[in-house]
> 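Once you've had a glance at the structure underneath, I'll fire off some questions.
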Protein chains: 2
Amino acid sequence: MNPSTANIEEAILSAILAGRIPPGTRLGEQKLADLFGVSRTRVREAMMRLETRGIVQVSARRGWFVVEPSADEAREAFQTRRVIETGLLQTVREVPPKVLASLKEHVAIERQAIETGDVSSRACLLGDFHIHLADALGNRLLTEIIRDLTARTTLISMLYQPTEKAEESSHDHEDIVAAMEAGDLAGAARLMDEHIGKVEAGLDLSAKPDPLASLRELLVPSTFSDVAPSMPHAHGAAAPHAHHHPSTKED
Amino acid sequence: MNPSTANIEEAILSAILAGRIPPGTRLGEQKLADLFGVSRTRVREAMMRLETRGIVQVSARRGWFVVEPSADEAREAFQTRRVIETGLLQTVREVPPKVLASLKEHVAIERQAIETGDVSSRACLLGDFHIHLADALGNRLLTEIIRDLTARTTLISMLYQPTEKAEESSHDHEDIVAAMEAGDLAGAARLMDEHIGKVEAGLDLSAKPDPLASLRELLVPSTFSDVAPSMPHAHGAAAPHAHHHPSTKED
DNA sequence: GCTCACAGGCTTGTATACAAGACCTGTAAG
DNA sequence: CTTACAGGTCTTGTATACAAGCCTGTGAGC
């Protein structure tokens with residue numbers, strides 16, 4: 001089948017949400033075109049759409065790059081999420097039982113992923129909670145907005161988050177759902193505010209914007225914390241090219 | 001100067017916010033290309049960006065059209081605005097005096113436009129209030145979102161609003177600012193909720209989606225829109241010699 | 001050994017050509 | 001008088017060609 005631009009957009013966005021694409025990744029038009037079996041035109045369309053959604057950015061004649069939000073942009077993203085998500089909880093009058101059940105199930109899946117140590121899916125799940133919430137309590141429009149914002153905060157976490165606190169986040173989610181079940185929407189909103197605040201506070205926004213964090217991400221197989229000493233021939237590496245990076249090659 | 005795609009986007013969006021482009025308007029690629037003195041490629045880019053922002057829509061091989069939100073989409077847009085704008089007011093802790101002054105000034109300009117009967121600018125100003133609010137209390141990201149949403153609700157009003165209540169809206173704005181000045185952010189949020197609710201309630205969402213509303217808009221010279229609160233709503237006689245001519249722009 | 005200039009390759013930017021489809025219109029048959 | 005059909009025109013959809021710029025590697029000059 002011929003993938004449409006929407007397919008390409010979705011593929012990239014969901015890869016970002018799943019934490020598979022680090023910020024700063026270069027997305028070459030021709031590479032993507034070959035990969036998806038379409039012409040550059042389609043890829044370009046998808047890229048431009050993603051650019052208006054704040055997911056990628058074009059650097060003139062250099063290529064498309066997954067955004068690397070600055071500290072200020074990070075703060076903006078978190079403020080925006082706080083506004084929308086607390087606003088949503090406070091606007092809603094009652095939570096249908098079906099929604100409650102669905103959210104509880106989601107939290108259960110989260111905990112399971114954490115307990116089994118399924119690192120690859122847990123980041124995705126933690127973000128998904130918020131998307132599910134918007135979908136269940138809000139509408140399509142709101143869900144889309146939250147989804148894009150979640151992609152952004154996912155990238156931000158990859159850039160600035162020194163330690164992951166997956167368990168704590170999942171507990172927060174649980175508390176929020178509990179407050180909703182008790183009919184205390186205002187309390188749920190407060191908890192949500194605190195939750196997002198906690199995540200934001202857990203970032204190190206004074207850290208260097210992005211000197212070689214993305215390079216490291218690409219070279220490290222993600223679950224391994226300790227880097228193997230100088231790789232023999234990391235030259236012809238995996239999927240996205242990483243070898244021409246503006247920064248210095250030595251550390 | 002060669003207008004970039006951003007210029008084209010901005011030109012169209014601001015025209016919509018000002019109420020100069022009614023919903024359902026066809027935007028031909030070639031026409032716009034000639035108008036802006038660029039090639040179709042650029043126009044197409046701008047259109048696709050506007051499409052991802054929910055402002056226009058493409059109908060395959062027929063052209064680009066300014067969106068005509070359905071009743072459901074209208075409700076979604078209003079719910080989203082309610083969520084975000086009340087959320088913003090409740091998230092903010094204090095309002096800087098400068099912001100307060102700026103908002104008061106804006107309301108004053110609104111009232112003036114209403115008193116002098118400046119119909120063309122008052123619709124723009126009423127929407128601008130919300131954008132200014134987001135800009136002053138929030139951040140760039142939030143402002144962008146609110147801007148796009150305001151464009152949408154502006155179009156919705158053109159489709160479904162039987163009577164304009166500019167004066168009432170302006171009063172609402174005044175009350176909201178007053179509550180903010182009194183430091184009662186929660187109260188301001190409640191007033192905002194009621195305000196948006198009032199606007200939404202003032203719509204006739206059971207009305208026909210758009211049989212010939214757009215045609216009527218095009219035929220009426222628009223500056224004469226203060227002719228009467230009630231247009232001749234006789235269904236058959238509205239367009240005497242306007243057979244199916246979608247592109248009547250031969251100026 | 002170091003610096004600087006330049007050329008080559010690779011990437012996006014932009015325009016244009018052509019293909020495919022939708023709508024309109026005029027014509028002819030019933 | 002109504003309806004069906006066919007041709008023409010206008011529109012977007014898509015690919016491709018070429019222009020322009022960035023990055024890198026090389027080699028000469030000092």
Side-chain angles (χ1 to χ4, degrees), chain A residues 1-9 12 24-52 55-67 211-212 214-215 234-237 239-250, chain B residues 1-9 12 24-52 55-67 211-212 214-215 239 241-251:
Chain A
M1 236 298 275
N2 225 5
S4 73
T5 78
N7 296 134
I8 302 175
E9 264 184 278
I12 291 175
T25 304
R26 195 179 109 90
L27 301 171
E29 289 183 7
Q30 192 59 58
K31 283 259 173 59
L32 289 176
D34 294 344
L35 183 62
F36 285 99
V38 300
S39 86
R40 263 184 61 209
T41 309
R42 286 259 187 81
V43 173
R44 233 179 125 68
E45 280 185 20
M47 287 298 131
M48 275 183 304
R49 288 187 134 101
L50 285 176
E51 191 180 35
T52 79
I55 308 294
V56 305
Q57 244 177 339
V58 67
S59 173
R61 254 141 212 147
R62 276 173 26 81
W64 299 86
F65 296 86
V66 176
V67 293
L212 54 141
S214 55
L215 235 186
H235 184 47
H241 269 29
H243 63 277
H244 43 319
H245 213 76
S247 60
T248 61
K249 283 194 169 176
E250 25 190 292
Chain B
M1 233 292 274
N2 226 4
S4 73
T5 79
N7 297 135
I8 301 174
E9 264 184 277
I12 290 175
T25 303
R26 194 181 109 92
L27 301 171
E29 288 183 8
Q30 193 59 58
K31 284 253 173 66
L32 288 176
D34 294 344
L35 183 63
F36 285 99
V38 300
S39 86
R40 264 184 60 209
T41 308
R42 287 258 188 82
V43 172
R44 231 179 127 68
E45 279 185 21
M47 286 298 130
M48 274 184 306
R49 289 186 135 102
L50 285 176
E51 191 180 34
T52 79
I55 307 293
V56 305
Q57 243 178 339
V58 67
S59 173
R61 256 141 211 144
R62 277 172 27 79
W64 298 86
F65 297 86
V66 176
V67 293
L212 54 142
S214 54
L215 238 185
H241 49 284
H243 336 267
H244 323 60
H245 254 284
S247 56
T248 58
K249 292 272 294 181
E250 335 266 347
D251 51 273

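Values in this document were obtained by computation on a predicted structure and should not be read as measured data. Chain naming here is simple, since letters A, B, ... match the order of the sequence lines and numbering starts at 1 in each.
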> CE of B/M48 versus P of D/dT12: gap in Å, rounded?
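Answer to the nearest Å: 12 Å.
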> Identify, with sequence neighbours excluded, every residue that meets side chain to side chain contact (heavy atoms under 4.5 Å, CB included) alongside B/T5.
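If we apply the side chain to side chain contact (heavy atoms under 4.5 Å, CB included) test to B/T5, skipping adjacent residues, the hits are B/E9, B/R42, B/E45, B/A46, B/R49.
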> How long is the straight-line distance from CZ of A/R44 back to CD of A/E51, given to the nearest 0.5 Å?
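Rounded to the nearest 0.5 Å, the CD-CZ separation comes out at 9.5 Å.
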> Only pairs under 3.5 Å count here: list side-chain donor-acceptor contacts from residues 56-65 of chain B, not counting sequence neighbours, and write none if there are none.
from: B/S59; atom 1: OG; to: B/R62; atom 2: NE; distance (Å): 3.1
from: B/W64; atom 1: NE1; to: B/E29; atom 2: OE2; distance (Å): 2.8

> Where the side chain of A/N7 meets the backbone of A/S4, is there a donor-acceptor pair that is under 3.5 Å apart?
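Looks like yes, one N/O pair under 3.5 Å.
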> Which heavy atom of A/A33 sits nearest to which heavy atom of A/S39, and what is that distance?
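Heavy atoms of A/A33 and A/S39 come nearest at CB-C, 3.9 Å.
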> Calculate the interatomic distance between B/D34 atom CG and C/dT16 atom P; express it in whole Å.
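Those two atoms, CG and P, are 12 Å apart.
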> Mind checking the CD1-CE spacing from B/I55 to B/M47? Nearest 0.5 Å is all I need.
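If I round to the nearest 0.5 Å, the distance is 11.0 Å.
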> Given atom CZ of A/R62 and atom P of D/dC22, what is their separation to the nearest angstrom?
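Answer to the nearest Å: 10 Å.
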> Pull out every protein N or O sitting under 3.5 Å from an N or O of nucleotides 13-15 of chain C, one pair per line with the distance.
from: C/dG13; atom 1: OP2; to: A/R44; atom 2: NH1; distance (Å): 2.5
from: C/dG13; atom 1: OP2; to: A/R44; atom 2: NH2; distance (Å): 2.9
from: C/dG13; atom 1: O4'; to: A/R61; atom 2: NH2; distance (Å): 3.0
from: C/dG13; atom 1: N7; to: A/R40; atom 2: NH2; distance (Å): 3.2
from: C/dG13; atom 1: O6; to: A/R40; atom 2: NH1; distance (Å): 3.4
from: C/dT14; atom 1: OP1; to: B/R42; atom 2: NH2; distance (Å): 3.1
from: C/dA15; atom 1: OP2; to: B/S39; atom 2: OG; distance (Å): 2.6
from: C/dA15; atom 1: N7; to: B/T41; atom 2: OG1; distance (Å): 3.0

> Taking CD from B/Q30 and P from D/dC10, how many angstroms apart are they, rounded to a whole number?
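Rounded to the whole Å, the gap is 12 Å.
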